[in-house]
Amino acid sequence: MNQANALPRMKLFEHITNKNPGGIPFEEAKQLFLWLYCTLGILPEPIRHDKIGKKELTETFSSLAAQGKLLGLPRIVAQANVAPFNDPSDQAYWERLVNELLHNEITLDSSFESRCSQFV
């Protein structure tokens with residue numbers, strides 16, 4: 001990965017961790033991720049115009065999980081030689097959330113927009 005491609009993800013990760021030094025509750029992080037996938041308009045002006053797509057979002061949120069910045073993560077049950085299906089530190093977890101949203105299997109929490117500024 002070259003430095004230019006990593007910059008938006010690093011800026012978003014740093015912004016979220018700086019704004020939430022104690023971490024973000026996992027359920028709120030899922031909503032934040034989904035809202036950011038749908039609109040970057042909830043981001044503050046300096047970051048809003050960065051190139052942040054699904055790839056940058058999945059990398060950012062899997063890194064947040066891996067570094068212990070998401071609170072109340074689900075217990076992960078791993079089977080021998082099989083990657084855990086429910087591991088938020090895996091980008092595939094976040095990609096699956098997008099697919100579930102696009103297939104109307106999950107929905108955005110409409111009340112989250114009023115509290116998203118707590119997290120970004």
Side-chain angles (χ1 to χ4, degrees):
M1 173 187 319
N2 72 36
Q3 193 69 4
N5 290 343
L7 191 57
R9 178 187 53 81
M10 290 178 356
K11 283 174 60 178
L12 181 60
F13 179 87
E14 288 174 8
H15 176 75
I16 291 173
T17 55
N18 289 339
K19 178 100 182 197
N20 304 278
I24 300 175
F26 179 60
E27 291 302 318
E28 295 288 81
K30 288 193 326 188
Q31 283 299 312
L32 178 60
F33 170 82
L34 293 169
W35 273 86
L36 287 171
Y37 177 76
C38 293
T39 178
L40 298 178
I42 63 173
L43 288 171
E45 192 62 35
I47 314 174
R48 186 177 303 163
H49 302 291
D50 288 346
K51 183 189 176 304
I52 301 172
K54 183 169 85 169
K55 180 178 188 243
E56 291 78 17
L57 289 172
T58 59
E59 289 173 350
T60 297
F61 280 80
S62 61
S63 293
L64 288 168
Q67 294 188 25
K69 304 296 183 183
L70 303 184
L71 310 174
L73 289 175
R75 184 170 170 265
I76 298 168
V77 179
Q79 297 174 353
N81 301 322
V82 178
F85 184 70
N86 58 345
D87 183 357
S89 67
D90 185 343
Q91 289 181 40
Y93 175 88
W94 301 97
E95 290 168 0
R96 194 171 54 260
L97 278 183
V98 169
N99 289 335
E100 290 173 2
L101 179 68
L102 294 175
H103 290 97
N104 292 320
E105 295 168 12
I106 59 173
T107 59
L108 291 175
D109 175 355
S110 59
S111 69
F112 183 78
E113 186 175 18
S114 67
R115 60 185 190 277
C116 68
S117 62
Q118 296 174 50
F119 306 110
V120 291

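Residue numbers count from 1 along this sequence.
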Minimum side-chain heavy-atom gap Trp35-Ile42 below 4.5 Å
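SC-SC contact between Trp35 and Ile42 confirmed.
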Between Glu28 and Arg115, is a side chain to side chain contact (heavy atoms under 4.5 Å, CB included) present by the stated rule, with each step listed?
CA-CA 9 Å; Glu28 295 288 81; Arg115 60 185 190 277; 2.8 Å; yes
Test item: [X] side-chain N/O and [Y] main-chain N/O as donor-acceptor pair under 3.5 Å:
| X | Y | result |
| --- | --- | --- |
| Glu56 | Gly53 | yes |
| Gln31 | Phe112 | no |
| Trp94 | Phe33 | no |
| Asn20 | Gly22 | no |

Taking it one step at a time, do Leu12 and Asp50 satisfy side chain to side chain contact (heavy atoms under 4.5 Å, CB included)?
CA-CA 9 Å; Leu12 181 60; Asp50 288 346; over 6 Å; no
Smallest separation among heavy atoms of Ile24 and Ala29, with atom names
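Scanning both residues completely, I find the closest heavy atoms to be CG2-N, 3.7 Å.
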Test: Glu14 and Lys11 ion pair at under 4.0 Å:
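Salt bridge: no.
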Can you list the residues that meet the ring pair (Phe, Tyr, Trp, His ring centres under 6.0 Å) rule with Tyr37, with sequence neighbours excluded?
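Testing Tyr37 for ring pair (Phe, Tyr, Trp, His ring centres under 6.0 Å), a comparison that skips the adjacent residues, returns none.
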Walk me through whether Phe61 and Ile16 qualify under side chain to side chain contact (heavy atoms under 4.5 Å, CB included).
CA-CA 10 Å; Phe61 280 80; Ile16 291 173; 4.1 Å; yes
Partner residues of Glu27 under the salt bridge (charged side-chain N to carboxylate O under 4.0 Å, His left out) criterion, sequence neighbours left out:
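Testing Glu27 for salt bridge (charged side-chain N to carboxylate O under 4.0 Å, His left out), a comparison that skips the adjacent residues, returns Lys30.
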